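A quick write-up on the structure given underneath.
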2 protein chains.
Amino acid sequence: MARGSTRPTSRDVAQAAGVSQAAVSLVLGDKWRGRVSEPTAQRVREAASELGYRPNLAARNLRLGRTRTVLLVVPALTTEFFAEVYTGAARVAAAHGFGVVLYPSPEGVGPARDPFASAQAALDGVIASSMAADALTAIRGDQLPLVMLDSDPDGSLGAATVNLDIADGIRQVTEHLLSLGHRSFLHLAADVPSWTFDVRARELAARLADVPGTDLRTVHAPISIEGALTATEAALAAPGPRPTALVCDDDKLAAGAYKAIRRAGLRVPDDLSVTGLDDLGLATAIDPELTTVRLDAEAFGERGMRALLAVLEGRPPEEGDLPVSLVVRGSTAPPR
Amino acid sequence: MARGSTRPTSRDVAQAAGVSQAAVSLVLGDKWRGRVSEPTAQRVREAASELGYRPNLAARNLRLGRTRTVLLVVPALTTEFFAEVYTGAARVAAAHGFGVVLYPSPEGVGPARDPFASAQAALDGVIASSMAADALTAIRGDQLPLVMLDSDPDGSLGAATVNLDIADGIRQVTEHLLSLGHRSFLHLAADVPSWTFDVRARELAARLADVPGTDLRTVHAPISIEGALTATEAALAAPGPRPTALVCDDDKLAAGAYKAIRRAGLRVPDDLSVTGLDDLGLATAIDPELTTVRLDAEAFGERGMRALLAVLEGRPPEEGDLPVSLVVRGSTAPPR
DNA sequence: TCACACAAGTGTTACGTATAACGTCCGCTG
DNA sequence: CAGCGGACGTTATACGTAACACTTGTGTGA
């Protein structure tokens, strides 16, 4: 404590306990079995807590050459979806002695700076959502082990991928609407370049192509209430017969669509059935409650973290997509 | 590159450029004016980008004794509010060469582990929301510079505080409802111990105490759609005259209240006026759109980061609360 | 002509930690 | 009683960077 205001180091602890710095490291690192006697170990622990010692992580990271920290790159956290992904990832990480640092790419669409400089932390690996596409070039630059969430499995980055079975979700939605009798579809698609949205469009089109007498139009919108509102308003004002089913790329878009439908003097589901995807809290906050596809965001995050741990340890990551399920609520009904 | 697979160090760059490691550090650290000739500097920069050199942050942090990284401790990111706080803080931080690491305390109310161990990053300071109360004990333990968001200015931690003028927001809400003619109030309060909610209750009670003939009941709920739904249902089923105005601690609670009101066969605002607080996207997604108090979350985050920078540099932080404003929409009307 | 400033670097060190390699004492065995 | 191994440590070192102190060569004013 000669220095007064600087944080105590392991050497300070050693001096207080009357042992060498190495002994402190052994005791506090739990590597002391058969190397340090129990009474001595106890003295060290007491001195450490007495001084309020906290190891200097920068020094530890330098010494060990690893940080046990991974970066989770996600799009702006404007829904709880990625918050839950984080929760799942963080839980698995903690169980393995890892920490997770969140990098939400800035909300404005402007290309992200270098997430690594920005997060400033030294990292062992990266988990990235394919929706945070603007950060990908920076990621590719580094040699860090990488796991992609909801990304093209055959993508050009040689990274492991963890995917939700979005295709199956869209299949279930389509089946549900078809069985209700719908034939005329409008697809409210997210205006974001990402595999996870491509697959929605592809699957919907493919499924409807199998059924004679169906038609499908598509309109794109940025993922926001306002964006969905204006896009849907424009689509509803278009000439030609009005579609009876509106398939939205996610719940937020559906919420925006609700507003447009109300403004047009129409009602859900009487005039138009609407479906979402995510099953956010929003889905049950709006009236009528939204028929949507439930994604298990926490399991998604857990799986992502497990995949990264596997990559770090040279093991092959788990195979297979995560299952999703259709939740039928009040926003879908037979067409009139 | 003798080692093959390990990352290049500044020494590797030095060797490639035919200079000393010190010269590399000078050039890349932008401290070379008048110390290294322009051609040499150019050679160094080329060698660095050739090798894909990235400085080892752990080593730099150790050497400099600071990390230019701060931690933002927030409650679970289930709304965009704290996402925007982060955006604001990160923007200011980046402009000063800092990074921000996000620590969302786990969604389950269980007490957070040690956020510092969990975030794993070496830190220069902390910004913490008073809502993440469970992490506070761990924070108090460290000697890190601390800024509290929406916390009691006279609080026991000797930390700088940055507050939104919530009291003024509640005043405006109350005034608005009183001027519409409401006299019977129900307060749907968040079931979270935090100064930011205490101040709501205090201000509402104080304001109504000034007006003869008013009455105020309070019901508590966890901050979720479901929680608000059940609490409001119970309150509406209670005996006695039904209140005509429902003041909610935030927008999410208001969304839950909407559902309870619908289920009771009542209508907003005809049977019951409802107000929120936050002005999230949710506020305009529900029908009718919510009268609420707009908080500038990004400015809040910016102010928080500026305050922390001030503390780090030994300057006094800015004084004064951040202004808020009432946004009147369709959820409030005169009582019938 | 000589001291001296100045440009253009280099050598060396310390930051705090974890661990490999090395000592020392002691009791015990053959 | 030599020697040997376990218990209990210590000493020394490296991780990669930034910065201080120092060196060398060159022009320059007195």
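Chain identifiers are assigned alphabetically (A, B, ...) following the order of the sequence lines, protein sequences preceding nucleic acid strands; residue numbering begins at 1 within each chain. In what follows, every heavy atom counts, from backbone to side chain, and hydrogens, waters and symmetry copies are set aside. Model, not experiment: these values are computed from the prediction.
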* Asked: How does each nucleotide of nucleotides 17-26 of chain D score, in 5' to 3' order, for protein heavy atoms under 4.0 Å: base (B), sugar-phosphate only (S), or none (-)?
  -> BBB-B-----

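- One can place CZ of B:Arg7 at 15 Å from P of D:dC15, the figure rounded to the nearest angstrom.
- The side-chain hydrogen bond (donor to acceptor under 3.5 Å, both in side chains) pairs that include a residue from residues 36-45 of chain B are B:Ser37-B:Thr40, B:Glu38-B:Arg45, B:Gln42-B:Arg45, where partners are two or more places apart or lie in different chains.
- Judged purely by distance below 3.5 Å, without hydrogens or angles, the side chains of B:Thr161 and B:Ser151 never pair a donor atom with an acceptor atom.
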* List the steps and the verdict of side-chain hydrogen bond (donor to acceptor under 3.5 Å, both in side chains) for B:Ser25 and B:Ser10. => CA-CA 7 Å; B:Ser25 180; B:Ser10 60; over 6 Å; no

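- The shortest heavy-atom contact between B:Asn61 and A:Ala58 is CB-CB, 3.7 Å.
- Look at CG on A:Asp12: it is 13 Å from C1' on C:dT17, rounded to the nearest Å.
- Following rounding to the nearest Å, B:Leu28 (CG) and D:dG16 (C1') show an atom-to-atom distance of 13 Å.
- When atom types are taken as modelled, the side chain of B:Asp124 and the backbone of B:Arg68 share a donor-acceptor pair closer than 3.5 angstrom.
- Sorted by first then second residue, the side-chain hydrogen bond (donor to acceptor under 3.5 Å, both in side chains) pairs that include residues 26-36 of chain B, not counting sequence neighbours, number zero.
- Put simply, A:Thr40 has a side-chain N or O that comes within less than 4.0 Å of OP1 or OP2 on D:dG9.
- Here D:dA14 presents its C1' atom at 12 Å from CG of B:Leu62, a figure rounded to the nearest Å.
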